Amino acid sequence: MKIDDKKYARNAYHFNLCFVCDSNVRTVHYEPVVTKFSEYLMSMEMESSFLSDGKAAQRLLPILKQVIEDLNTKGTIIFIKLLVWSFFL
């Protein structure tokens, strides 16, 4: 993902999101989740520098743990809960 803005070095911020899965597992059903999650991260970065402010690692770890748990137990993720939760970390 790329965000063009003069506030960043080289006038752009780049980030990538992927899920690492076993090579023998069918993963096509995860593609919409990765796309939506990337869109939410882009939106949070544009609104509040969520990724670039130096606190991304500590903010993302609990979110990613919740994503994995929700995918494994429920087969779905509730992004609204994750977004609200992430802004209070």
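Model, not experiment: these values are computed from the prediction.
When the side chains of ILVMFWY residues are joined at heavy-atom separations under 4.5 Å, either directly or via intervening members, V34 and F37 end up in a single hydrophobic cluster. Put simply, M46 and F50 are part of the same group of oily side chains (I, L, V, M, F, W, Y) that touch within less than 4.5 Å, one to the next. If you chain together hydrophobic residues whose side chains sit under 4.5 Å apart, Y8 and L17 fall into the same group.
With rounding to the nearest 0.5 angstrom, the CD atom of Q58 is 11.0 Å from the CD1 atom of I63.
Every salt bridge (Lys or Arg N to Asp or Glu O under 4.0 Å) that D53 has, sequence neighbours left out, goes to R59. Judged as a side chain to side chain donor-acceptor pair (under 3.5 Å), and not counting sequence neighbours, S38 has no contacts. By the side chain to side chain donor-acceptor pair (under 3.5 Å) test, S43 pairs with E47, sequence neighbours left out.
In this structure, the side chains of M1 and L41 stay at 4.5 Å or more apart for every pair of heavy atoms. Taking the side chain as every heavy atom from C-beta outward, I3 and M42 approach each other to under 4.5 Å.
Residue L71 is tested with V67, I68, T73 for a side-chain contact (heavy atoms from CB on, under 4.5 Å); the sole match is V67.
The ring pair (Phe, Tyr, Trp, His ring centres under 6.0 Å) pairs that include a residue from residues 15-36 number zero, where partners must be two or more places apart or lie in different chains. Applying the salt bridge (charged side-chain N to carboxylate O under 4.0 Å, His left out) test to pairs two or more places apart or on separate chains, those with a residue in residues 4-33 are K2-D4.
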